[in-house]
There are 2 protein chains.
Amino acid sequence: MPQTGAARRRAGRPAAAVLDQAGITAAALRLIGKTGYDGLTMAALARSLNVAPSALYNHVESKRDVLLLVEDHLTALVDVTAFAAEPWESAVRKWAWSYRDVFAEHTPLIPVIAVLPVTDAPQTLAMYETVSAGFRAAGFPEERIVSAIVALESFIFGSAYDVTAPADIFDSGSMAESTPSFTGAVRSLAALGHEKPADVAFSLGLEALIAGFGALRE
Amino acid sequence: MPQTGAARRRAGRPAAAVLDQAGITAAALRLIGKTGYDGLTMAALARSLNVAPSALYNHVESKRDVLLLVEDHLTALVDVTAFAAEPWESAVRKWAWSYRDVFAEHTPLIPVIAVLPVTDAPQTLAMYETVSAGFRAAGFPEERIVSAIVALESFIFGSAYDVTAPADIFDSGSMAESTPSFTGAVRSLAALGHEKPADVAFSLGLEALIAGFGALRE
DNA sequence: CTAATAAATGAATGGCATTCATTTAGTGGT
DNA sequence: ACCACTAAATGAATGCCATTCATTTATTAG
């Protein structure tokens with residue numbers, strides 16, 4: 001029984017390295033799953049790895065670095081396989097839903113991703129390569145490929161937030177009488193049924209984008 | 001000369017109230033303009049109002065409350081006037097561009113807005129009312145109005161982030177050879193010209209959404 | 001063998017939002 | 001006119017956070 005709870009490691013470099021980026025990434029994901037992004041602190045991360053907080057800084061430069069590692073790991077989970085096997089429309093559809101679903105659980109990463117140079121994220125770059133090759137193969141004019149992908153991504157990120165919104169987000173409360181048009185529209189959407197509102201909106205927007213962009217193909 | 005720099009106010013309730021929500025909102029906006037959202041701390045906000053930090057908590061419950069005040073103030077700046085005067089397509093177009101431009105300067109608010117019950121933000125609710133009335137008047141089926149607005153908003157929020165991205169965000173760097181399709185697409189977009197890439201992508205996506213949603217009108 | 005480097009500990013540091021006891025001023029009721 | 005209550009300020013904590021630094025120990029290069 002070498003340890004109970006927190007085994008004290010004596011100061012100095014250990015015989016075998018305890019930490020590496022892959023381990024830090026995995027621990028961060030585990031921690032996020034358990035405690036959410038609020039619980040992801042450098043101290044908690046260190047504790048979950050049975051290490052002093054300062055030890056992390058031998059492997060990452062900052063907490064932002066940790067978020068980048070997580071982001072790149074998650075991007076690899078986005079399903080781009082359809083671009084190899086299916087027509088453009090359904091490939092884009094599957095990719096977009098998968099992309100949204102992955103990041104809906106990780107919206108705190110969105111501000112990081114949105115400003116992230118692709119150089120710093122190899123998996124993300126790989127996704128772009130597959131997607132842009134799919135657009136090209138589908139006859140998309142080259143100079144519009146990036147803009148179309150960016151537009152889709154913007155919609156996807158915004159929609160990922162939408163998934164996390166509380167169910168009563170559109171409850172106009174005491175202002176209902178002064179906002180008849182909006183209140184009525186909210187009511188008639190609710191009356192419609194069981195499908196999640198975020199999914200309805202995402203589907204509506206995505207199909208419009210696919211139809212609009214599909215018309216650009218030569 | 002009653003004061004140089006920071007006039008010390010003695011403890012206890014002053015004869016006339018120093019703070020109110022409108023003043024806090026205005027000071028927060030001034031501070032954000034000068035120092036960005038990183039500089040918006042409760043301490044800095046208090047200093048700019050010549051007040052102790054704890055005094056703020058007599059008027060707001062938390063920093064999130066301050067962000068909400070700012071958000072609602074900014075939403076009132078979004079231009080919805082076209083819904084009263086112009087055809088649906090151009091009204092949506094003007095609203096969307098204005099909405100994006102306002103929040104492109106305030107992306108740190110987006111995570112707050114996206115999850116914000118409209119009850120808590122009267123100006124925001126007022127905007128929804130005007131927009132949904134415009135959709136209704138244009139012959140939009142009632143049960144799709146909210147979904148269409150949500151989809152547009154998602155696209156707008158995502159695109160607002162895009163505006164703030166660094167110019168070299170798509171520079172694939174040393175990975176250029178392994179990502180020929182993407183690298184080529186980035187190059188041919190750059191070759192195209194002067195318009196800002198974020199504007200091109202926003203226009204492309206917005207026109208697709210307007211065209212797609214326009215077809216839903218009865 | 002020795003110098004440089006890598007990877008850990010543990011003890012700061014400074015900043016942050018927030019809370020609380022205290023002080024003072026206005027307000028509503030009798 | 002008095003008194004209790006509430007509102008609005010100060011100033012001094014509190015606890016958490018990311019990050020830095022001196023120090024220790026082990027591995028690696030020359």
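Worth knowing before you read on, the calculation uses all heavy atoms, side chains too, and leaves out hydrogens, waters and symmetry mates. Residue numbers start from 1 in every chain, and the chains themselves are labelled A, B, ... in the order their sequence lines are given, proteins ahead of strands.
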statement: B:P14 has its side chain closest, among C:dT24, D:dA8, C:dT9, to D:dA8
- request: Counting heavy atoms from C-beta on, name the nucleotide in C:dA17, D:dA9, C:dG10 closest to the side chain of B:L19.
  value: D:dA9
field: Any donor-acceptor N/O pair, A:S159 side chain to A:D162 backbone, under 3.5 Å
entry: no
- prompt: Does D:dC5 have OP1 or OP2 sitting under 4.0 Å from an N or O in the side chain of B:R13?
  reply: no
message: Would you say A:S203 and A:E207 are linked by a side-chain donor-acceptor pair, where the criterion is simply a distance under 3.5 Å?
response: no
- prompt: With nearest nucleotides of DNA chain C determined for B:A16 and B:P53 from heavy-atom distances, which residue corresponds to the more 5′ nucleotide?
  reply: B:P53
query: Reckon B:A55 touches a base, only the sugar-phosphate, or nothing at all at heavy-atom distances under 4.0 Å?
result: base
Rounded interatomic separation in angstrom, taking CD1 from A:I24 and P from C:dA7: 11 Å
query: Between A:R47 and A:E61, which is nearer to the 5' end of DNA chain D once each is assigned its nearest nucleotide?
result: A:R47
Atom pair distance, as rounded to whole Å: CG in B:D38 and C1' in C:dG15: 13 Å
- prompt: Separation of B:Y57 atom OH from C:dT18 atom C1', in whole Å?
  reply: 5 Å
field: Whole angstrom value for the distance that separates C1' of C:dT24 from CG of B:N58
entry: 13 Å
- request: Determine the contact category for A:T41: base if any of its heavy atoms lies under 4.0 Å from a base atom, sugar-phosphate if only primed atoms, P, OP1 or OP2 are that close, otherwise nothing.
  value: sugar-phosphate
- request: Ignoring backbone atoms, test whether B:R64 places a side-chain nitrogen or oxygen under 4.0 Å from the OP1 or OP2 oxygen of C:dT18.
  value: no
- request: Rounded off to whole Å, could you give me the OH-to-P distance for the B:Y37 and C:dA17 pair?
  value: 14 Å
query: For residues B:T25 and B:Q21, is any side-chain donor paired with an opposing acceptor at under 3.5 Å?
result: no
d(CG, A:L56; C1', D:dT20) in whole Å: 14 Å
message: From the set D:dT20, C:dT18, D:dA9, return the single nucleotide nearest to any side-chain atom of B:A17.
response: D:dA9
message: Can a side-chain donor-acceptor contact be found between A:T183 and A:S172 if the only test is distance below 3.5 angstrom?
response: yes
- request: Report yes if a side-chain nitrogen or oxygen of A:H59 is closer than 4.0 Å to either non-bridging phosphate oxygen (OP1 or OP2) of C:dA8; otherwise report no.
  value: yes
B:R9 vs D:dT10: side-chain N/O to OP1/OP2 distance below 4.0 Å: yes
message: Between B:A43 and B:A11, which residue's closest nucleotide on DNA chain C lies nearer the 5′ terminus?
response: B:A43
task: Give the ring-plane orientation class for B:Y128 versus A:F182, where under 30° counts as parallel, over 60° as perpendicular and anything between as tilted.
output: parallel
query: Could you give the NZ-to-C1' distance, from A:K63 to C:dC16, as a whole number of Å?
result: 13 Å
task: Nearest whole angstrom, please: distance from the P of C:dT13 to the CE of A:M42.
output: 21 Å
